[in-house]
Chemist: 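The following block contains the structure, expressed as structure tokens.
Just so we're on the same page: letters track the sequence lines, and every chain starts at 1.
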Number of protein chains: 4
Amino acid sequence: MSQPRKPNPARRSERSRQAVLDAARDLVSELGYAKVSIEAIAARAGVGKQTIYRWWPSKGAVIFDSFLALSESEEGMSLPDTGDLEADLKIVMRATVAEFADPAFEAPIRALNTEIIGDPALAAQYREKLAGPVDEAKKERLRSAQRAGQLAADADLDLVLEVLYAPLYQRWLHRSGPLTPQYADALVEITLRAFAP
Amino acid sequence: MSQPRKPNPARRSERSRQAVLDAARDLVSELGYAKVSIEAIAARAGVGKQTIYRWWPSKGAVIFDSFLALSESEEGMSLPDTGDLEADLKIVMRATVAEFADPAFEAPIRALNTEIIGDPALAAQYREKLAGPVDEAKKERLRSAQRAGQLAADADLDLVLEVLYAPLYQRWLHRSGPLTPQYADALVEITLRAFAP
Amino acid sequence: MSQPRKPNPARRSERSRQAVLDAARDLVSELGYAKVSIEAIAARAGVGKQTIYRWWPSKGAVIFDSFLALSESEEGMSLPDTGDLEADLKIVMRATVAEFADPAFEAPIRALNTEIIGDPALAAQYREKLAGPVDEAKKERLRSAQRAGQLAADADLDLVLEVLYAPLYQRWLHRSGPLTPQYADALVEITLRAFAP
Amino acid sequence: MSQPRKPNPARRSERSRQAVLDAARDLVSELGYAKVSIEAIAARAGVGKQTIYRWWPSKGAVIFDSFLALSESEEGMSLPDTGDLEADLKIVMRATVAEFADPAFEAPIRALNTEIIGDPALAAQYREKLAGPVDEAKKERLRSAQRAGQLAADADLDLVLEVLYAPLYQRWLHRSGPLTPQYADALVEITLRAFAP
DNA sequence: CCTTAAGCGAGACGGTACGTCAGGTCTTGGC
DNA sequence: GCCAAGACCTGACGTACCGTCTCGCTTAAGG
């Protein structure tokens, strides 16, 4: 018995790959995740359906990749470090709040979360490729704060990030309350009190 | 031209309603949210498709209702109040962690979240009918703690609940880390420190 | 295990059935058998593909049925019987030759033969529903001739029909020679000599 | 603009040509004409698809060629001539009947007829390359019979062959009756009576 | 003898059609 | 008048092949 035969990546058409990713991104923005079909992506990209099925295992994977490609530009990001942790975090959190208020981010980020909930493989990729690098940058800033004595030296940084961000994400996903700069500030203050040295 | 004519709820068949809800619940457990179809629910329930379309606007609504019906039994719940907030919360949080470890809860809760992310109307219903009563019970316990001086009197109780639960939910949904009793305890401790009087 | 579940013929839409048959006939005439697709038939008929698959097992069956429907009008046909077998047969054979010269008959009849060669079930249906009644009418005329002493009383009438028609059909299908009124006459003369009393 | 550039036959790979022809023959036997694809032929032959498209214009042409190649061995055949036309023809016709009963001939011959009906160019090739030589040999025997006074001197030999063979071919293609040695004999007798001197 | 252009295998590509599944609407007959 | 049943049109699924198009690689001809 033979396996489903893997395509040869060396022959892959970069032009098609980009066209698919672009089309996927556009369609998610226009229609929302649920209403995007692989047929529509293929048609918009001017690509045969088989070309999508050859390189991606599912609709979720295509759309996920289209986000991945987007964020690859902002690689190696790092957070501001003025020496004042609270001020720095508030800037970052307020920026996040602002981002979430931008309707252009709405559809893609909800799409991403819908996929991730139902597909462990995508969730793993998400953590590794998207959340991971960003979290690492944030933890770097927190370590700097630990060295400066602004944060408990033994604080579990993953936990710090969760306390800081999870309430914000949840409130946004569930639409269970307003996302205001004040809310961002409150989260920073609460977190710093919780993990004070 | 005539409107789509609303059905008369008085005539509604309770037997069919229950059969649909039961079938929906079973199928979500067996297949996961995405793979459940209205056709399959109707077939399993021994019900005409029209009967579903007559009474529910969408697949999400049916499935949501099937969860609602489940939780209506546990109405009027309240949290333990031994006078020791930390101990009481740890009991509750550890119970939550244990619940999330039960594979029978996996499919339905992920289904619920998938629906809620993409449908504001369902999200509102969720907050009102499911999360609301539970949160109110929790807040009642927190108010008791405020009166006992175990929690800052001016603490925003919604925020307290978010800091307590959102990290847990997010870690579970994203599968970004293990859910242990120790993790539950840590969240309680962090939250109490953050909102200490 | 359950069978593929048969549709209930009582609920069949006559409007759809007719539309499919008409579309099939038209498309075969326009494009030829090989280039007709079920998708195209469905589209032209304004019908869902499933409606075709529900009632017919294959493209061949649809197209065959579309011919069947056509010929049902000429049911109960009978051949001229002037008492002069040779003259009567020449009229009929010349008419057949003329029919084959009509380009509008070209595509459908070739289509029919293509199907029949490859599909025993269709071949059986063809013999029973299309060829059978026509052949019976012809044999009726031949029996009359036998009674009149113009044909050997013990002649195998199926064989007579084959000798009369098979050369004509083959010449036309293989395009191996011209179909002229003279050719029609020659076949009649040869056949009558072969089966003379 | 440049023409599609014709390949240089001198460079043609004989090994590939044979492999394609063999694969085509095998696949037609196994699957029947309709289910054979060019992809499958190429794969079975271990040949690139382009190699097929380079040398043959259509699936029909490949398969036709594969039959041609087969029959090239039996070139220059001739019929028995014992002086007794009836006996000689019965031997030949009974042999043909036997051939048609062999299931190994089933698929290829039906395939050949399917092609020929729909493609005038292939039909012409068929007459010239396959049917022609065989018919010529048969006509040679008939001419010998004419000289011996066993057949009308002015008989149209093409017509004789049609009367002799077309009923047999048609009965086989349409499966409209049994092919027995008696049937073969009957056809010979009828034909000889029809074209008696 | 060595280049060089052709044929070759492989297989990705943009497409069309396949046959299936489900969506949501509509109709029929039974209760 | 709701209900079970299920046919209908629609649209997407994932697959099979179409015929075209590169890729490197042999391989035979001609300079």
Chemist: Let me have a per-nucleotide readout for nucleotides 19-31 of chain F, 5' to 3', with B, S or -, counting only protein heavy atoms under 4.0 Å.
Modeler: BBB-B--------
Chemist: Of D/A40 and C/R15, whose closest DNA chain F nucleotide lies nearer the 5' terminus?
Modeler: C/R15
Chemist: Between the main-chain N or O of B/A23 and the side-chain N or O of B/R44, is there a donor-acceptor pair closer than 3.5 Å?
Modeler: no
Chemist: Using 0.5 Å steps for rounding, measure from the NZ atom of A/K59 to the OH atom of A/Y53.
Modeler: 10.5 Å
Chemist: B/I52 CD1 to E/dA22 P: how many Å, rounded?
Modeler: 13 Å
Chemist: Given atom CG of B/L31 and atom P of E/dA22, what is their separation to the nearest angstrom?
Modeler: 10 Å
Chemist: To the nearest Å, how far apart are C/R44 CZ and F/dC9 C1'?
Modeler: 18 Å
Chemist: Specify the separation, in whole Å, of atom CZ of B/R54 and atom P of F/dG1.
Modeler: 12 Å
Chemist: Quick check on E/dG14: is either OP1 or OP2 less than 4.0 Å from any side-chain nitrogen or oxygen of A/S16?
Modeler: yes
Chemist: Taking atom P of F/dG14 as reference, at what distance in whole Å does atom CD1 of A/I41 sit?
Modeler: 11 Å
Chemist: About how many Å separate NZ of C/K49 and CD1 of C/I41, when rounded to the nearest 0.5 Å?
Modeler: 12.0 Å
Chemist: Would you check if the side chain of D/R25 reaches a backbone N or O of D/F67 as a donor-acceptor pair within less than 3.5 Å?
Modeler: no
Chemist: Choosing from E/dG7, F/dC13, E/dC13, which nucleotide comes nearest the side chain of A/R12?
Modeler: E/dC13
Chemist: Atom CD1 of D/I38 and atom CD1 of D/I52: how far apart are they, to the nearest 0.5 Å?
Modeler: 6.0 Å
Chemist: Check C/A69 against C/L21 and note the closest heavy-atom contact, atom names and distance.
Modeler: CB-CD2, 4.3 Å
Chemist: Roughly how many Å is it from CD in A/Q18 to P in E/dC13, rounded to a whole number?
Modeler: 14 Å
Chemist: From the options F/dC8, E/dG7, E/dA12, select the nucleotide whose nearest atom is closest to the side chain of C/S13.
Modeler: F/dC8
Chemist: What is the distance from CD of C/E14 to P of E/dT27, rounded to the nearest Å?
Modeler: 17 Å
Chemist: Taking the side chain of A/T51 as its heavy atoms from C-beta onward, which of F/dA12, E/dC8, E/dG14 lies nearest to it?
Modeler: E/dG14
Chemist: Is the NZ or CZ atom of A/R11 positioned over A/W55's six-membered ring, under 6.0 angstrom from the centre and within 45° of the axis?
Modeler: no
Chemist: OP1 or OP2 of E/dC21 less than 4.0 angstrom from a side-chain nitrogen or oxygen of B/S37, does that happen here?
Modeler: no
Chemist: Taking atom C1' of F/dC9 as reference, at what distance in whole Å does atom CH2 of C/W55 sit?
Modeler: 15 Å
